[in-house]
Amino acid sequence: MKVVFMGTPEFAVPSLDILYQAGYDIVGVITATDKMGGRGQKTLIESDVKKYAKDKNLNILQPKNLKSPKFNATLKALEADIQIVVAFRMLPEMVWNMPPHGTYNLHGSLLPKYRGAAPINWAIINGDLTTGVTSFKLKHEIDTGSLLYQKEIPIYPFDSAGDLHDRMKWIAAEVVLDTVNAVKDDKLNLKAQDESLVSHAPKLNSENTKIDFNKTSKEVYDHIRGLNPYPGAWMKINGKKTKVYEAEYEVIKTDLLAGILKSDNKTYIHIGTKDGLIKIKALKISGKKMMLTKELLNGYKIMED
């Protein structure tokens, strides 16, 4: 089995590693192009997948254009039997339809639930108690291909998106290996997705990451932890955009109306919700570093509503 692996972030590294450790012939690793970053945009930033591939002396390709005739000729010359995609980008048909055994994608949900760009975040935002990973065979419409393997993962009450991400990447790797093994052994049991169960996980943006304090305390709490550490749930404090990373919630009777802010000047900033209040524990006000609320309140005056 000749395998081409496509991925970019740290989430994809365990999946590439498990195939490498299993002895599969990884004939190519496709990843994002290098970028300039750091102070003054002077440091060349390589993807986590590229760093791993370099360490293992794997063949690395970093196409800017996946439809480029030159790239497609190079990819075809690798004569891969299968392509595996973990946290990469949308592929044109000429790429995903190239290998004889097809291209399989790893998705961070139990499809058809949470099709889209941010399944980990939305599962927590929506207060789900479980989620999972899915391998499926790519076809035209995004995240709609036939399912091969799925594994369920619990979401714990205090999980942030970062916590779930860090557990999920190891389960994802196991599913990737199961997928390639099944293709190699000709033990495929593909099944169509049930369209009646479809839900979506749209791309995160400034609008859908803003905190709505008219919701219940639990819903606001889930919103905050579902966006921690990236991109961060936000509100405004002292007229400045503020990202909230950690909070507690209480369902109690309070004089604070939804969205009204009050500080105890010691440890917390309290904000009213539909049925109680949120107590902000860690935040980042625009122009300042991320810090605990008690650190911020030691010298920073909060303008209360």
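Only heavy atoms go into these numbers, but all of them, side chains included; no hydrogens, no water, no symmetry mates. The first residue of the sequence shown is numbered 1, and numbering continues consecutively from there. Since the model is a prediction, treat every value here as computed from it, not as a measurement.
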Asks: Only one of K51, M6, E46, K50 clears side-chain contact (heavy atoms from CB on, under 4.5 Å) with T31; which?
Replies: K50

Asks: Testing the 3.5 Å rule here: is there a donor-acceptor pair between the side chains of Q62 and D34?
Replies: yes

Asks: How long is the span from the CD atom in E248 to the CZ atom in F158, to the nearest 0.5 Å?
Replies: 8.5 Å

Asks: So, for A12 and V86, which heavy atoms are closest and what is the spacing to 0.1 Å?
Replies: CB-O, 3.4 Å

Asks: So does L111 get a backbone contact from the side chain of Q150, meaning a donor-acceptor N/O pair under 3.5 Å?
Replies: yes

Asks: Is any side-chain heavy atom of D159 closer than 4.5 Å to one of R225?
Replies: yes

Asks: Looking at side-chain heavy atoms only, is the closest gap between L227 and I125 below 4.5 Å?
Replies: yes

Asks: Determine the minimum heavy-atom distance between K215 and T273, stating which atoms define it.
Replies: O-CB, 3.5 Å

Asks: Throw together a table of side-chain donor-acceptor distances under 3.5 angstrom for residues 20-30, partners on residues two or more places apart or in other chains.
Replies:
| from | atom 1 | to | atom 2 | distance (Å) |
| --- | --- | --- | --- | --- |
| Q21 | NE2 | D17 | OD1 | 3.1 |
| Y24 | OH | N181 | OD1 | 2.5 |

Asks: Within the 4.5 Å heavy-atom criterion, are L277 and I271 side-chain neighbours or not?
Replies: no

Asks: Crowded around N189 CG? As in, over 12 foreign heavy atoms under 6.0 Å?
Replies: no

Asks: Say whether, by atom type as modelled, one donor and one acceptor occur between the side chain of D264 and the main chain of Y268 under 3.5 angstrom.
Replies: yes

Asks: Using modelled atom types and a 3.5 Å cut-off, is there a donor and acceptor pairing between side-chain atoms of W122 and backbone atoms of P202?
Replies: yes

Asks: Kindly check if the number of other-residue, nucleotide or ligand heavy atoms within 6.0 Å of CG (D255) is above 12?
Replies: no

Asks: Without swapping roles, check the side chain of N208 against the backbone of N205 for a donor-acceptor pair under 3.5 Å.
Replies: yes

Asks: I'd like to know if E174 pairs up with R167 as an ion pair, taking the criterion as any Lys NZ or Arg NE/NH1/NH2 lying under 4.0 Å from an Asp or Glu carboxylate oxygen.
Replies: no

Asks: Taking K274 first and then E219, would you say they form a salt bridge - that is, a charged N and a carboxylate O separated by under 4.0 Å?
Replies: no

Asks: Establish, from distance only, whether the side-chain atoms of T216 and D275 form a donor-acceptor pair under 3.5 Å.
Replies: no

Asks: Of V3, L78, V95, N97, which meets side-chain contact (heavy atoms from CB on, under 4.5 Å) against Q83?
Replies: V95

Asks: State, yes or no, whether a side-chain contact exists between L177 and L19 at a heavy-atom distance under 4.5 Å.
Replies: yes

Asks: Between Y114 and D128, is there a side-chain donor-acceptor contact under 3.5 Å, judged purely by atom types and distance?
Replies: yes

